[in-house]
Structure formats: C-alpha cells, structure tokens
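Report on the following structure.
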Amino acid sequence: DIYKHRKKIKRKDKIVFIGSSYKASFDALPIPRGIKLKILYELLEVYIRKGPLSSQRKDEFFMKYQLSERIHLGHIINYIERDMMIKEIIKLNLDLDFELYGYGWDKDTKLKSYNKGVLKYGKDISKVYNSAKYALVSGGYVMQQRTLESSSSGSIPVVLDVRHNDPEHNKKFDKSMIFFNTPKDLIKLLKKTDNYDFNSLVNSHSYLTFSKKMLSIVEKNR
C-alpha cells in the first residue's frame, strides 16, 4: 500500500541513494590513521578495477594487515561499498542528477552538495523513488530493503554485484535490476533501454506471499 507507483509524480533521469553514510564508523575505527588509509585505498583500487572482493580475497587482506578483529575490515569494506563507490560514480559525470538522502552525508565535503536531507520512513521514501529512474543499492547482499522499496515504486535498482558472496541470492530476479561490478560499468549499463521485470520481484516479496509461506510452514509442522 505504501511502496507503489505514484502516477502524479514525474519520474526524472536521476539516480538516488537512500541510506546513511558510513564515514563516522570508518573514522571511529581503532586503527592508526596511516594504516587505515593504506588499507582503504588499496581495497578501493581493487573495487575500481575489478569490483567487489571475494570471500577469499577478504581473508587475504585480513591476514596481510594482521588486523585484530575481522569486523574492522568489514567496516572499511562497508565504507568503500557505500561512500567511496558513490564518490567514484559521481566522478563519472553521468548525464544524470545524483541525490543522497539519509544521515551523515553533510559531514563529507565531497558529498554534502548532493545531500537532500533525512526522509521519514514510508511514504516519503516511496515518493523519492517514484521521482527517480534509478536507485543505487550498494552493500554486501543483493535483496536489501531498498531493492524492494525502489522496485515497488518503479525505480530500477542499480545493484553492486556481490552475487558471488550472497548465498541467499535467487537468480530468477536477475532481470529485475541492473548489476555493476565497477563504477565505470555504469557508463554503458545506464544507457540501455531494456525492460525490467519488477512484477516477479515485487510479488515474490509481498506481505501476502510472506503470510502464505508462514502458513504453509505451520501446516507442514502441525
């Protein structure tokens, strides 16, 4: 009822990201700044040239820098997959407007001009997605809440391709979104005029489908 097509809102050639910046968690990491930045830029170079790291490569970097906790590497990767990827996409000067919504974007000098503030959860988020042709989805798995909220609102999810690290990913939804490995991939991908199958993705994750699944599990185990 909330995340739906809203015909009165004009959809523009723009890409939006709704979610918070990870800059604060990166800055707060208990790692010497010099080492932290060295890890950051070495990993970023891999993302720019080849795309997201495999689980094996993550293990290699963890061992290489002898980090005390695996979660520290995770925070660096989160910052790259969100904030740094956004910066790299903006550098491409795509023929699209870019808008950021959420907490923390005003703290980054390179991103604050794209900051449009914080949205109330629900209808306001759907309205923003209805106003945009594309919605950026970046992070460690594909079927994020924003993947479903944007597609339900008619905005094409542009998803960082982490399918190789996502055991929950279902291939049947691959035609419902655009996958990119490196930022430069978007130069060609966003020029395509393919039709995207939102219905199978949205219907498979509706509350009605969810309730039927729960009932079937209960019935089987009575």
Side-chain angles (χ1 to χ4, degrees), residues 1-12 14-22 25 51-52 54-55 58 71 74-75 77-78 81-82 85-86 99-104 116-181 189-190 192 194-222:
D1 294 334
I2 295 174
Y3 293 94
K4 60 186 179 181
H5 289 251
R6 299 173 184 273
K7 295 180 180 179
K8 292 182 180 180
I9 298 177
K10 184 179 179 181
R11 199 173 299 279
K12 299 178 181 178
K14 66 179 180 181
I15 184 167
V16 300
F17 179 80
I18 301 176
S20 298
S21 164
Y22 282 146
S25 59
S54 65
S55 296
K58 290 177 184 179
I71 195 172
H75 281 308
I77 289 173
N78 287 343
E81 291 183 345
R82 182 164 296 188
M85 282 293 99
I86 288 172
E99 295 178 355
L100 291 169
Y101 296 84
Y103 294 100
K116 300 298 179 181
V118 177
L119 299 169
K120 289 183 179 179
Y121 185 73
K123 190 175 180 180
D124 286 352
I125 290 177
S126 179
K127 284 182 176 180
V128 169
Y129 282 137
N130 268 271
S131 74
K133 185 175 182 179
Y134 303 107
L136 181 64
V137 179
S138 58
Y141 62 104
V142 173
M143 205 58 66
Q144 299 179 29
Q145 195 165 336
R146 58 180 57 85
T147 307
L148 298 173
E149 291 173 349
S150 60
S151 56
S152 298
S153 303
S155 185
I156 303 169
V158 178
V159 184
L160 184 65
D161 195 351
V162 291
R163 287 175 287 182
H164 57 289
N165 287 332
D166 187 354
E168 300 297 322
H169 176 66
N170 191 327
K171 292 181 180 179
K172 74 177 184 178
F173 302 126
D174 283 358
K175 292 184 179 179
S176 301
M177 54 196 91
I178 297 172
F179 288 98
F180 72 100
N181 275 295
L189 290 172
L190 298 187
K192 290 186 176 182
D194 297 346
N195 291 320
Y196 294 91
D197 175 24
F198 290 138
N199 290 331
S200 63
L201 174 63
V202 174
N203 293 337
S204 295
H205 293 83
S206 69
Y207 281 104
L208 179 61
T209 301
F210 181 51
S211 61
K212 287 180 178 179
K213 182 178 180 180
M214 290 176 67
L215 288 171
S216 69
I217 293 171
V218 172
E219 289 296 327
K220 287 178 183 178
N221 292 278
R222 289 181 70 175

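Predicted, not measured: the structure shown is a model, and the values here were computed from it.
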Practice prompt. Starting at CG of Leu190, measure out to OH of Tyr134 and round the result to the nearest 0.5 Å.
Written response: 5.0 Å

Practice prompt. Look at Glu219 together with Arg222 and state whether they make a salt bridge at an N to O cut-off of under 4.0 Å.
Written response: yes

Worksheet item: Quick one: do the Tyr3 and Gln145 side chains pair a donor with an acceptor below 3.5 Å?
Response: no

Discussion item. Nearest 0.5 angstrom please: Lys7 NZ to Asn130 CG, how far?
Written reply: 11.5 Å

Discussion item. Testing the basics here: between Ile125 and Lys120, what is the closest heavy-atom pair and its distance to 0.1 Å?
Written reply: CG1-O, 3.8 Å

Worksheet item: How about Arg163 and Asp174: do any of their side-chain heavy atoms sit closer than 4.5 Å?
Response: yes

Worksheet item: Once you round to the nearest 0.5 Å, how far does OG of Ser176 lie from CG of Asn199?
Response: 8.5 Å

Response to the item:
d(Ser21 OG, Ile86 CD1) to nearest 0.5 Å is 8.0 Å

Item to complete: Tell me yes or no: between the side chains of Thr209 and Ser204, is some donor less than 3.5 Å from an acceptor?
Response: no

Fill in: Which atom of Met143 lies closest to which atom of Asp166, heavy atoms considered
N-OD2, 4.3 Å

Discussion item. Nearest 0.5 Å, please: how far is CD1 in Ile15 from NZ in Lys133?
Written reply: 11.0 Å

Item to complete: Begin with the C-alpha distance, continue with both residues' side-chain angles, and end with the deciding distance and a verdict on side chain to side chain contact (heavy atoms under 4.5 Å, CB included) for Val16 and Lys116.
Response: CA-CA 10 Å; Val16 300; Lys116 300 298 179 181; over 6 Å; no

Item to complete: For the pair Ser216 (side chain) and Lys213 (backbone), establish whether a donor and an acceptor sit closer than 3.5 Å, ignoring hydrogens and angles.
Response: yes

Fill in: Tyr196 and Ile178, any side-chain heavy atoms less than 4.5 Å apart
yes

Worksheet item: How far apart are the closest heavy atoms of Tyr129 and Ala135, and which atoms are they?
Response: CE2-CB, 3.5 Å

Discussion item. Measuring only between side-chain heavy atoms, which start at C-beta, is Phe17 closer than 4.5 Å to Met85?
Written reply: no

Item to complete: Could you tell me the separation between the CG atom of Asp161 and the OG atom of Ser138, rounded to the nearest 0.5 Å?
Response: 13.0 Å

Response to the item:
Here the pair of heavy atoms bringing Leu160 nearest to Phe180 is N-CE2, 3.4 Å

Worksheet item: Counting only heavy atoms not in Leu189, do more than 12 sit closer than 6.0 Å to its CG atom?
Response: yes

Item to complete: Test Ser155 against every option in Lys14, Arg146, His5, Arg11 by the side chain to side chain contact (heavy atoms under 4.5 Å, CB included) rule and name the one that passes.
Response: Arg11

Item to complete: Count the heavy atoms belonging to other residues, nucleotides or ligands that lie under 6.0 Å from OH of Tyr207, then report whether that count exceeds 12.
Response: no

Fill in: Note, Lys58 side chain near Asn165 side chain (heavy atom, < 4.5 Å)
yes

Discussion item. On a heavy-atom basis, which atom in Val142 and which in Met177 lie closest, and how many Å separate them?
Written reply: CG1-SD, 3.6 Å

Worksheet item: Should His164 and Pro52 count as side-chain neighbours, where that means a heavy-atom distance under 4.5 Å?
Response: yes

Fill in: Minimum-distance pair of heavy atoms, taken over all atoms of Ile2 and Ser126
O-OG, 3.2 Å

